[in-house]
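Notes follow the structure.
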Amino acid sequence: MRDDYQQLVDEITAVLRAPATLENRDFALIAFGAQNSEDRDDTEEPALDPVRTRSILQRRSTAAVRAWFEAFGIARAQAPLRIPPDPAAGVFMGRICLPVRHRGVVHGYVWLLDDGHLSDLELGGPTGAPDPRLARAMETADRIGALLAAEARAGEELGELLRDVLTGPPAGRDAARAGLRTALRGAGDGPLALVAVVPWTPGTGEDADPGLPHLPSIVAACALPGTAATGAGLATLVRLRAANALDPARTTAEQLLRSPRATTGSLDGVQPRAAAGVSAPRRGLEELPAAWQEALAAARAAHADTRLGPVAEWSAIGPYRLLAALPELPPDAAVRPLLEPAHAELARTAETFLDCAGQAGRTAARLGIHRQTLYYRLSRVRQLTGLDLDAGEDRLLLHMTLKAARLGPPRR
């Protein structure tokens, strides 16, 4: 359908003689039209707009831009809207917004730069009909809406099958896997990887997730219910170019993290920091449940350790591969006093010391403290826990307990 969207956007560009940009309702770029130089006088410079440039280059608008546009009711609009500029939000040029709807539901927006060439365009209203050119453009926008609605329905069906494969009852997984393989055709044979984004805020009603996000590498996606450790998540099945090349999955994860659904909502009343995890590559669909656990563990590790995130690969999360697979247990009794908020600095010192294989010089340099300060803090750790930091088993117990404590609910 991507070529269909481009063709329809080019039609609007040609009719209105202004470059049009198509975004979905989450402001992710789908297609854009380039204006022919013949449409302007030789003495005119082409209009440049930072919002449009960002949308094309980064395939998404900023939160400030989205908020400015949404303040004009674009999600409920039944007809074109003229939106003024707002330099404070980075919108230096006005817009005409053509809502892309199907059966009363908004599925996206067509944007036109209001740079003076469209100043004579009559939008219509209660007392008058719109400009005939605009009426033709809206007919095309309606065709785009029908395509987006059809794609959303197909994406929802794929998402339901993927959800059943990943988390459904074992008795139904074989049927779901067969249905997903049929729907994906050759893409189901791989190579593939799963990406987990947590937390992810699913929409409801008209704002429900539109099925398949508009990213070229994604072949199926679904929102999954949350747990105490992760919150609700998004699972995306990504097509890879080669068996060991995870670049498409990592790029997809980075793009998904820019979605407003990855940065809204709260967990236990705290605004969470979104992170993503990437599984090891797979051939075919047989091992998708295991791949999902890998992706989810990598996302949890990215939350736990900012050095890994915001996108972490399963192969790179070290001890978290083991810890994320363990059931949630209370901290070891000996280490529990060290986990009190009042001793956070001591806990960080102990963890850094163990991360540095017990090398005092490296630890002090990483923490930016004097060695004597380090030795004092380590003595306090011994007093609080009763553990001997010269004993291998005690060091292992302390290290793993501190790492496991990080894998709690994600926090900003």
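Residue numbers count from 1 along this sequence. Everything quoted here is computed from the prediction, not taken from an experiment.
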Exam field: side chain [X] to backbone [Y], donor-acceptor pair closer than 3.5 Å:
X    : Y    : result
T385 : A334 : no
R321 : S315 : yes
R17  : V15  : no
R173 : G168 : yes
T373 : I369 : no
R282 : A193 : no
W292 : A196 : no
H303 : V198 : yes
R25  : V106 : yes

[X] versus [Y], closest heavy-atom pair with distance:
X    : Y    : value
T236 : A221 : CG2-CB, 3.8 Å
S279 : E294 : CB-OE1, 3.7 Å
L346 : V381 : O-CG2, 3.9 Å
R66  : R258 : NH1-O, 4.3 Å
G33  : D10  : CA-OD1, 3.9 Å
L166 : A235 : CD1-CB, 3.7 Å

Residues 176-184, side-chain donor-acceptor partners within the protein, below 3.5 Å, at least two apart:
residue: R177; atom: NE; partner: L285; partner atom: O; Å: 3.4
residue: R177; atom: NH1; partner: D174; partner atom: OD1; Å: 2.9
residue: R181; atom: NH2; partner: E286; partner atom: OE2; Å: 3.0
residue: T182; atom: OG1; partner: A178; partner atom: O; Å: 3.0

Where do I317 and D305 land on the side chain to side chain contact (heavy atoms under 4.5 Å, CB included) test, with the steps shown first?
CA-CA 9 Å; I317 63 174; D305 193 333; over 6 Å; no
Side chain proximity check, [X] to [Y], heavy atoms < 4.5 angstrom:
X    : Y    : answer
C356 : R366 : yes
H102 : L147 : no
L112 : I12  : yes
L158 : L237 : no
T251 : S217 : no
V311 : L257 : yes
Y109 : C97  : yes
T21  : L29  : yes

Decide, yes or no, whether a salt bridge links [X] with [Y] under the criterion of side-chain N to carboxylate O below 4.0 Å.
X    : Y    : value
E160 : R163 : no
K403 : D355 : yes
E11  : R143 : yes

Quick check for you: to the nearest 0.5 Å, what is the distance between [X] atom [atom1] and [Y] atom [atom2]?
X    : Y    : atom1 : atom2 : result
E157 : L162 : CD    : CG    : 14.0 Å
I30  : D4   : CD1   : CG    : 12.0 Å
L398 : F353 : CG    : CZ    : 10.0 Å
L148 : R101 : CG    : CZ    : 13.0 Å
L367 : E351 : CG    : CD    : 10.5 Å
Q255 : R250 : CD    : CZ    : 13.0 Å

Heavy atoms of other groups near R136 CZ, more than 12 under 6.0 Å
no
More than 12 non-hydrogen atoms from neighbouring residues, nucleotides or ligands closer than 6.0 Å to OH on Y376, yes or no?
no
Is the distance from the ring center of W111 to that of F69 below 6.0 Å?
yes
Begin with the C-alpha distance, continue with both residues' side-chain angles, and end with the deciding distance and a verdict on side chain to side chain contact (heavy atoms under 4.5 Å, CB included) for N24 and V100.
CA-CA 9 Å; N24 69 8; V100 176; over 6 Å; no
Determine, step by step, whether L22 and F32 satisfy the side chain to side chain contact (heavy atoms under 4.5 Å, CB included) criterion, reporting the C-alpha distance in whole Å, the side-chain angles of both residues, the deciding distance to 0.1 Å, and the verdict.
CA-CA 6 Å; L22 172 64; F32 63 93; over 6 Å; no
Could you go through Q383 and R380, starting from their C-alpha distance and side-chain angles, then the distance that decides it, and tell me whether this counts as side chain to side chain donor-acceptor pair (under 3.5 Å)?
CA-CA 5 Å; Q383 293 170 8; R380 291 281 294 123; 3.2 Å; yes
Intermediate values then yes/no, side chain to side chain contact (heavy atoms under 4.5 Å, CB included), L246 and E313
CA-CA 9 Å; L246 284 171; E313 296 177 13; 3.7 Å; yes
